[in-house]
Visitor: 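What follows is a single structure, and I will ask about it in a moment.
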Amino acid sequence: MMSAGVELDRIEKTYGATTTLRAATLDVKPGEFMTLVGPSGCGKSTLLRIIAGLLPQTSGEVHIDGASIDHLPPRERDIAMVFQSYALYPHMSVAENVATPLKVRRLSRMARLPALGRLLPGQARTRREITDEVRRVADLVEIGPLLERKPAALSGGQRQRVALARAIIRDPRVFLMDEPLSNLDARLRVTMRAEITALHRRLGATFIYVTHDQTEAMTMSSRVAVMMDGTIIQCSTPQGLYEAPEDLRVARFIGSPEINVVASDTVAGWEGGNTRLGQLLQRPLHIAFRPEAVRLSAESAAQTDMLHLSCHIERTERLGHDVLLFLRVLADGAGVTARIPAADFARLDAPGGVLTASLHPADLLAFGPDGKRVALPGLAAATNRGLSHVG
Amino acid sequence: MSVETTGAPRAFALPLRRKRLGAELPGWIAYALAAPSMILLCLLMLLPIAVMLVMSLTNYRFGDLSYAFIGVENYLDLADDRTFWRALSNTFVYVAIVVPGSVALGLALAVMTTGLRRGRKIYQMIFFLPVTATVVAMATVWKYLLHGTIGPFNLVLQSLGLPAIDFFSDPDLALTGLAIINIWSLAGFNMVLFAAGLTAIPSELYDAAEVDGLSEPLDRFFSVTLPLLGPTTLFVIVTSTITAFKVFDTVAVITRGGPRGSTDVLLYTTYLEGFSYFRMGSAAAMTVVFLAIIMVFALLQTWVLDKKVHY
């Protein structure tokens, strides 16, 4: 397996007056599991189809291993693609489906004719090789016993395995996957997530994976590229995206429940914090903090470097090992979501539903009016705890 | 999880009841509600066929006041009737020309018009027009178009220095001429059916074929389009076969079975037998044969081919 790097250089795609991709630039390293994630309509599938060669871009270049592939049709790009609907040929058995990419490449057009083609001389050896390959790949994705069946007789998960086998058998330089799990039920999706990750490790190939599901993106990928409005706004490791989002939209998209966002003048009115924080908050900023950064206690705490807010509990959601609390700050009416372990919640005593929420300034992320991350100098130096208790 | 704690034998278990919504109705209401359509079905469909079956066993002549049962004599007569056998074989030849012609042309038109970026609707409408035209009127037009001396078709041939072809007075060509007219009128209908089938093919399948290397138009057609049109094709073949078997109007208007019986087809012979020679018993026997042939085709195609084209 030769894995290859893929570079996207300022890809643009316009349909008449509408622009679906604007200057999408991305550098996928060889052997990497790169996920393109974003809300529907952000252009991630369009970008994947451009890499596959199924759609021409308006401008920009696609390189594989440094060489431009824009002039190549899909079959010569040495890529394989897995589709959301599996896109299996319904009239062919599983074995024939998996063998198709090899047959197209190794057998002449005449030899591929149904029934008649087998009579041509000099191809028995090639056919045997193909059959062996099919069996090997089928065992790899555990569809060995299903080879003689038609796709209609398979479950969704089995069909997706067949689609994977059809991609693997080509031994391509790059695998493209377009929401391959979104037609599966929730349980199966979790298993297939693990299997695709394992497959990536075993094959060592470059994977470019498109999904709208942030859980898939966070759990499977080496790196994640977040797409919004036709462009890639941040590309980083899953942990990097969570802890250091560079754009407010990324901060909001990654993480469930959604990150808390309040205006800086609201935060400035909150009790506590040091004077430096107070100065920084003079500028109009969006201040964001993860729900798990919020500490809760019944009595007003004494720690002076923390921000303290008196809140009442509007609603709670129990998630099993965690509890979500939807709080309303008494002073200014700002909404704050907190996430605490269920055990802590049981110990929490909130008379009349009122309690004190505390925030460490180091847990605050600041974003400018344009949504771009703004460093709050001095705050990060105050402590380097970061968000060590994520999860 | 077992809930059978008593270990009661299964034989005593209550039979499964059908799921019902709301109050259960007494059975007779269901029959009462179905009665009007069942009565109509019997009166309009089954009774005429039954009458015909009975008539085929009699010597009834049109206008006679009495008749006698003569058993299968009508059928035995048919077996010896050279006109009947000629009509039968003519009909089969006719079907063998019309069905492949109209199915292939319909498929070609559907694939070509569906691929159009603009004007798809207008082209499909134009190709569909012959279906809406009255066959008798169009037959008259075609008779003129293909006429041996004054027809524009032959004038074109002659101006190119080619010999004229007189379709409807040449016994070897008359049936082909009629078949061309039927292909022309049937292809538009088949095109619409194929076009509907084409829209049901998921576009991701074409993408997959492209990535797999099946990128040439012919490869795409034979590996995706044609196999996925299987169910549509079966349906189109069945309807076209039945339509072609029922050929009558063009024969009656243009050739009247001639020249020298070369366009004598089953329904036309039956019509002559019943309404020109008034031998209703014999005509009924021919109709029974006709129905039997249609039925064999329908059953053959739905039972045998159905399994191979549905995925």
Side-chain angles (χ1 to χ4, degrees), chain A residues 45 48-49 51-55 72-93 96-109 112-114 117 149-154 159 162-163 166-167 169-170 172 174-180 183, chain B residues 1 100 103-104 107 110-111 114-120 193-194 196-238 301-311:
Chain A
S45 287
L48 200 70
R49 292 167 59 81
I51 301 173
L54 294 171
L55 203 64
L72 296 175
R75 64 174 292 183
E76 285 164 40
R77 294 192 174 197
D78 206 4
I79 45 119
M81 190 155 172
V82 177
F83 296 87
Q84 179 177 356
S85 66
Y86 325 127
L88 301 177
Y89 306 111
H91 57 290
M92 295 183 187
S93 71
E96 289 169 324
N97 261 288
V98 177
T100 300
L102 286 192
K103 281 189 183 164
V104 172
R105 277 169 181 74
R106 297 191 190 164
L107 294 175
S108 69
R109 190 182 301 259
R112 277 191 277 123
L113 286 176
R149 296 218 199 146
K150 289 276 173 70
L154 304 180
R159 283 182 211 183
V162 177
R166 188 174 62 179
I169 200 165
R170 289 260 315 277
V174 181
F175 283 85
L176 307 178
M177 305 205 176
D178 190 4
E179 310 227 9
N183 282 4
Chain B
M1 269 189 281
V103 172
L107 180 58
V111 170
T114 309
L116 287 176
R117 216 175 269 264
R118 55 181 62 193
R120 181 171 54 90
L193 295 174
F194 277 122
L198 282 174
T199 57
I201 300 178
S203 65
E204 276 198 344
L205 216 48
Y206 285 109
D207 291 342
E210 191 99 7
V211 173
D212 283 345
L214 297 164
S215 38
E216 302 294 317
L218 276 180
D219 271 341
R220 285 155 56 93
F221 181 76
F222 284 109
S223 59
V224 179
T225 310
L226 201 55
L228 276 123
L229 281 180
T232 313
T233 311
L234 174 75
F235 180 73
V236 170
I237 290 175
V238 172
Q301 283 169 320
T302 44
W303 284 352
V304 180
L305 292 177
D306 228 23
K307 291 195 184 84
K308 294 194 176 175
V309 292
H310 284 289
Y311 315 116

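Being a predicted model, the structure only gives us computed values, none of them experimental. Side chains included, hydrogens not; waters and symmetry mates left out as well; all remaining heavy atoms used. Every chain is numbered from 1 and lettered A, B, ... according to where its sequence line falls, protein lines coming before strand lines.
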Visitor: Just verifying a value: how many Å separate Glu204(B) CD and Met81(A) CE, rounded to the nearest 0.5 Å?
Guide: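 Those atoms lie 7.5 Å apart.
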Visitor: Which bit of Arg49(A) comes within less than 4.5 Å of chain B, counting heavy atoms only: side chain, backbone, both or neither?
Guide: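 For Arg49(A), side-chain heavy atoms alone lie under 4.5 Å from chain B.
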Visitor: Please look at Ala167(A) and chain B and tell me whether the side chain, the backbone, both or neither of the residue comes under 4.5 angstrom of a heavy atom of that chain.
Guide: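 Ala167(A) has no heavy atom closer than 4.5 Å to chain B.
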Visitor: At a heavy-atom separation under 4.5 Å, does Leu88(A) approach chain B through its side chain, its backbone, both, or neither?
Guide: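 Backbone of Leu88(A) only, per the 4.5 Å heavy-atom cut-off to chain B.
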Visitor: Side chains of Leu176(A) and Val211(B): does their closest heavy-atom pair fall under 4.5 Å?
Guide: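 Side-chain contact under 4.5 Å: no.
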Visitor: Between Leu205(B) and Pro90(A), which heavy-atom pair has the shortest distance, and what is it?
Guide: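 Closest approach of Leu205(B) to Pro90(A): CD2-CD, 3.9 Å.
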Visitor: Looking only at non-hydrogen atoms, find the nearest pair between Gly213(B) and Val104(A) and report the distance.
Guide: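 Here Gly213(B) and Val104(A) meet closest at O-CG1, 3.5 Å.
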Visitor: Spell out, as yes or no, whether a donor-acceptor pair under 3.5 Å connects the side chain of Arg75(A) to the backbone of Ala209(B).
Guide: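 Absent.
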Visitor: Measuring from Lys103(A):NZ to Leu214(B):CG, what's the distance to the nearest 0.5 Å?
Guide: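 Result: 11.0 Å between the selected atoms.
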Visitor: So which part of Glu76(A) gets closer than 4.5 Å to some heavy atom of chain B, the side chain, the backbone, both or neither?
Guide: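 Neither the backbone nor the side chain of Glu76(A) comes within 4.5 Å of chain B.
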Visitor: Count the heavy atoms of every other residue, nucleotide or ligand shown that sit under 6.0 Å from OH of Tyr206(B), and state whether that count exceeds 12.
Guide: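 Yes.
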Visitor: In Å and rounded to the nearest 0.5 Å, what is the CG to CG distance from Leu54(A) to Asp207(B)?
Guide: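 So the CG of Leu54(A) and the CG of Asp207(B) are separated by 4.5 Å.
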